[in-house]
Amino acid sequence: MIAARADVVGSLLRPGWLLEAQERRRAGSISEATFKRVEDRAVDAAIALQEAAGLEVVTDGEMRRLSFQSQLVQAVEGFGDWDLDAFLWGKWHGDDDIGDWHQERPHELAVTAPLRRRRSLSAEEFVYLRARTTRTPKVSLPSPGLFANFWSPRHSAGAYASLREFLEDVARILREEVEELAGYGASYIQLDAPHYPLLLDPETRAFYEAQGWSTAQWLDFGVALDNVVMQDIDGVTFGLHLCRGNQGSRWLVAGGYEPIAKPIFQRTAAHRLLLEYDDERSGGFAPLAAVPDGKVVVLGLVSSKRGTLEDPDELLARVVEASDHIDRERLAISPQCGFGTSIVGNRLTIDEQAAKLRLVCDVAARLSA
């Protein structure tokens, strides 16, 4: 199992010149080959930034993605019309400087035909990353349950008899992806699952329960789907990342892990739990007592939402506080989420992002001392 005490969730801020190239590619003013060279350059910069920070685990920064979950709908036929709003909708909350923001769920969002995997979701990302670093390359995939977002009782019934059948097919495709990545040598794969903490809030929970399942049923089924993706893959460490929404330095919900801790922590096949813990929205550390022996908790103590640098002594004190509920030897540290969950990105600079990653590594070194 990957034993890194410093971790990174996945996405990094996209440089302006990459965003400009994406616009030009959509407009047809540059070729695919030219655009790929720009993407490669962005990935190279992301790797260099992480290595310079001292990370043992590196990602490609998700530079090739529109959103952390978009590669599935891009690589798989069967989804109807969609755009970036498919991944951004909701009632987002920000501090006084940023303010709140509301985006309605697109009415036409739906799976409209049986899913067919046209190509790998992330093989290009992994193979390119693997060839350019001596650190542990990490690739993230979306949790199957996230795609309940694409279920429409009106538009999806012709494709699948039920939401359950649809999500089981999503899990099948993600399992195929994991097996392919493992064949390429991937040793660290993460499932991103922000939909579980969304169950903590009455309003966002209502969206899921409107599909006909209780919160307990959603948790049971969701974890079972995740385990279909993760179980019995030799040589791969799996991570599971939970957060409460992360977009443009805003968030969706608040609440401690207590209502969801036991069903997820005790039943998941994941080896590492990457948990958002950067402020009071995440509650206290008591739920960590539910984490079984043998699993590592990666405390997301460093905010990816703001540029202000945390105090390393305070971070170390929080780790000590967490160790009242779980062995310190099973604790690691990371940013609370990605810095660029989509191309929107959080409101901090690339230099501030680099300082945050160096801080994670510095505190991790003190943990190991």
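The analysis underlying the following values was restricted to heavy atoms, covering all of them including side chains, and did not include hydrogens, waters or symmetry mates.
- Summarising the local packing, CD of E203 is surrounded by 12 or fewer heavy atoms from other residues, nucleotides or ligands at distances under 6.0 Å.
- Around the NZ atom of K295, the shell of radius 6.0 Å holds more than 12 heavy atoms that belong to other residues, nucleotides or ligands.
- No donor-acceptor distance shorter than 3.5 angstrom exists from the side chain of S140 to the backbone of Q190, with no hydrogens or angles considered.
- Side chain of R132 to backbone of V43: no donor-acceptor contact under 3.5 angstrom is found.
- At least one donor-acceptor pair under 3.5 Å links the side chain of Q336 to the backbone N or O of S304.
- Every side chain to side chain donor-acceptor pair (under 3.5 Å) that E209 has, sequence neighbours left out, goes to T215.
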Q) Hey, mind stepping through Q353 and L49 against side-chain contact (heavy atoms from CB on, under 4.5 Å) and telling me if it holds? A) CA-CA 9 Å; Q353 172 184 254; L49 184 149; 3.8 Å; yes
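- Between E20 and R24 there is no salt bridge, since no side-chain nitrogen of the basic residue lies less than 4.0 Å from a carboxylate oxygen of the acidic one.
- With respect to the salt-bridge test (charged N to carboxylate O, under 4.0 angstrom), the residues D278 and R318 do not qualify.
- Put simply, the side chain of Y277 reaches to within 4.5 Å of the side chain of L288, judged on heavy atoms.
- Within 6.0 Å of atom CG in D81, 12 or fewer heavy atoms from other residues, nucleotides or ligands are found, so the atom counts as exposed in its surroundings.
- At a threshold of 4.0 Å, the pair E39-R25 does not count as salt-bridged, since none of the basic side-chain nitrogens sits closer than that to a carboxylate oxygen.
- With contacts defined as side-chain heavy-atom distances shorter than 4.5 Å, the pair V178/V236 does not qualify.
- Environment of CZ in R118: crowded, with over 12 heavy atoms of neighbouring residues, nucleotides or ligands closer than 6.0 Å.
- For the atom pair CG of L167 and CZ of R164, the computed distance is 9.0 Å after rounding to the nearest 0.5 Å.
- When the shell of 6.0 Å around NE2 of H102 is examined, it contains more than 12 heavy atoms from other residues, nucleotides or ligands.
- Both the sub-6.0 Å distance and the 45° axial angle are not jointly satisfied by R65 relative to the ring of F68.
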Q: Kindly indicate, with the supporting measurements, whether the criterion salt bridge (Lys or Arg N to Asp or Glu O under 4.0 Å) is fulfilled by R175 and D232.
A: CA-CA 11 Å; R175 172 67 181 209; D232 301 322; 5.7 Å; no
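- At least one donor-acceptor pair under 3.5 Å links the side chain of H241 to the backbone N or O of L274.
- For the residue pair Y128 and D60, no side-chain donor N or O sits within less than 3.5 Å of a side-chain acceptor on the partner.
- Side-chain N or O atoms of R250 include one that pairs as donor or acceptor with a backbone N or O of I98 at under 3.5 Å.
- The aromatic ring centroids of F166 and F150 lie 6.0 Å or more from each other.
- Panel note: side chain Y160, backbone V111; no donor-acceptor pair is recorded below 3.5 Å.
- Salt-bridge formation is detected for the pair K356/E310: a Lys NZ or Arg NE/NH1/NH2 atom is positioned less than 4.0 Å from an Asp or Glu carboxylate oxygen.
- Evaluation of the salt bridge (charged side-chain N to carboxylate O under 4.0 Å, His left out) rule for D95 yields no partner, not counting sequence neighbours.
- Put simply, the side chain of F87 does not reach to within 4.5 Å of the side chain of V344, judged on heavy atoms.
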Q.
One pair to check against salt bridge (Lys or Arg N to Asp or Glu O under 4.0 Å): D40 and R64. What are the steps and the verdict?
A. CA-CA 9 Å; D40 291 349; R64 305 184 195 275; 2.8 Å; yes
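- Taking the ring centre of Y257 as origin, the terminal cationic atom of R244 falls inside the region bounded by 6.0 Å and 45° from the ring axis.
- Judged by distance alone, the side chain of S214 and the main-chain N or O of Q217 form a donor-acceptor pair under 3.5 Å.
- At a threshold of 4.0 Å, the pair K36-E124 counts as salt-bridged, since one of the basic side-chain nitrogens sits closer than that to a carboxylate oxygen.
- No side-chain heavy atom of N149 sits under 4.5 Å from any side-chain heavy atom of W82.
- When side chains are defined from C-beta on, S187 counts as touching T136, because their heavy atoms get closer than 4.5 Å.
- Here the side chain of Y196 pairs a donor or acceptor atom with the backbone of V223 at under 3.5 angstrom.
- Judged purely by atom type and a 3.5 angstrom limit, R272 has no side-chain atom pairing as donor or acceptor with the backbone of T237.
- Residue S342 forms a side-chain hydrogen bond (donor to acceptor under 3.5 Å, both in side chains) with just one option from E62, Q69, Q247, and that option is Q247.
- Between L115 and F79, some side-chain heavy-atom pair lies under the 4.5 Å cut-off.
- Taking a cutoff of 4.0 Å between a charged side-chain nitrogen and a carboxylate oxygen, K138 and D7 qualify as a salt bridge.
- Under the 4.5 Å side-chain criterion, counting only non-hydrogen atoms from C-beta, F285 is in contact with L299.
- In terms of modelled atom types and a separation under 3.5 Å, the side chain of S334 and the main chain of V9 share no donor-acceptor contact.
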Q: Please step through salt bridge (Lys or Arg N to Asp or Glu O under 4.0 Å) for the pair R172 and E168, ending with a clear verdict.
A: CA-CA 6 Å; R172 173 189 61 80; E168 287 173 343; over 6 Å; no
